[in-house]
A.B. asks: 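Can you keep this structure in mind? I'll have questions shortly.
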Amino acid sequence: MLVSDDGCARLLNGRLAVEASADGRLRFCHAVSGRELLADKDPTHHAGPRVHAAGGRTE
């Protein structure tokens, strides 16, 4: 796991990369191509469980 000075973290496992931003957003990407596979909606937008959308869509 790599953690930057700004509080973001990146974890690699095979071809999967998981990125956690300082504000709590999670992104799942293909580690080689960088293509986004799954992304969190804005975690401050609603109070409730995490909601994931394929392709980084937020609707």
Side-chain angles (χ1 to χ4, degrees):
M1 179 186 294
L2 303 171
V3 180
S4 64
D5 291 336
D6 64 358
C8 297
R10 181 175 169 94
L11 176 68
L12 296 172
N13 184 7
R15 294 181 294 175
L16 180 66
V18 181
E19 300 171 351
S21 67
D23 69 355
R25 289 184 190 224
L26 292 177
R27 289 182 63 225
F28 297 83
C29 302
H30 188 277
V32 176
S33 70
R35 184 174 63 96
E36 188 173 84
L37 304 172
L38 189 69
D40 248 350
K41 290 185 177 183
D42 183 357
T44 61
H45 181 67
H46 55 73
R50 289 189 176 277
V51 178
H52 301 282
R57 292 188 314 268
T58 57
E59 63 272 352

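Quick note: numbers below take in every heavy atom, side chains included, and nothing from hydrogens, waters or symmetry partners.
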A.B. asks: Mind checking what makes side-chain contact (heavy atoms from CB on, under 4.5 Å) contact with Asp6, not counting sequence neighbours?
C.D. replies: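 If we apply the side-chain contact (heavy atoms from CB on, under 4.5 Å) test to Asp6, skipping adjacent residues, the hits are Ser4, Cys8.
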A.B. asks: Determine the minimum heavy-atom distance between His30 and Ser33, stating which atoms define it.
C.D. replies: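 Residues His30 and Ser33, closest heavy atoms: ND1-N, 3.1 Å.
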A.B. asks: Looking only at heavy atoms, what is the nearest atom pair of Gly24 and Asp40, with distance?
C.D. replies: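 Minimum heavy-atom separation between Gly24 and Asp40: O-OD2, 3.6 Å.
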A.B. asks: Determine which pairs satisfy side-chain hydrogen bond (donor to acceptor under 3.5 Å, both in side chains) with at least one residue from residues 7-18, sequence neighbours left out, and list them in order.
C.D. replies: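 Of all non-adjacent pairs touching residues 7-18, those that pass side-chain hydrogen bond (donor to acceptor under 3.5 Å, both in side chains) are Arg10-Glu19.
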A.B. asks: Linking I/L/V/M/F/W/Y whenever any side-chain heavy atoms sit under 4.5 Å apart, do Leu38 and Leu26 land together?
C.D. replies: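 Both belong to a single hydrophobic cluster.
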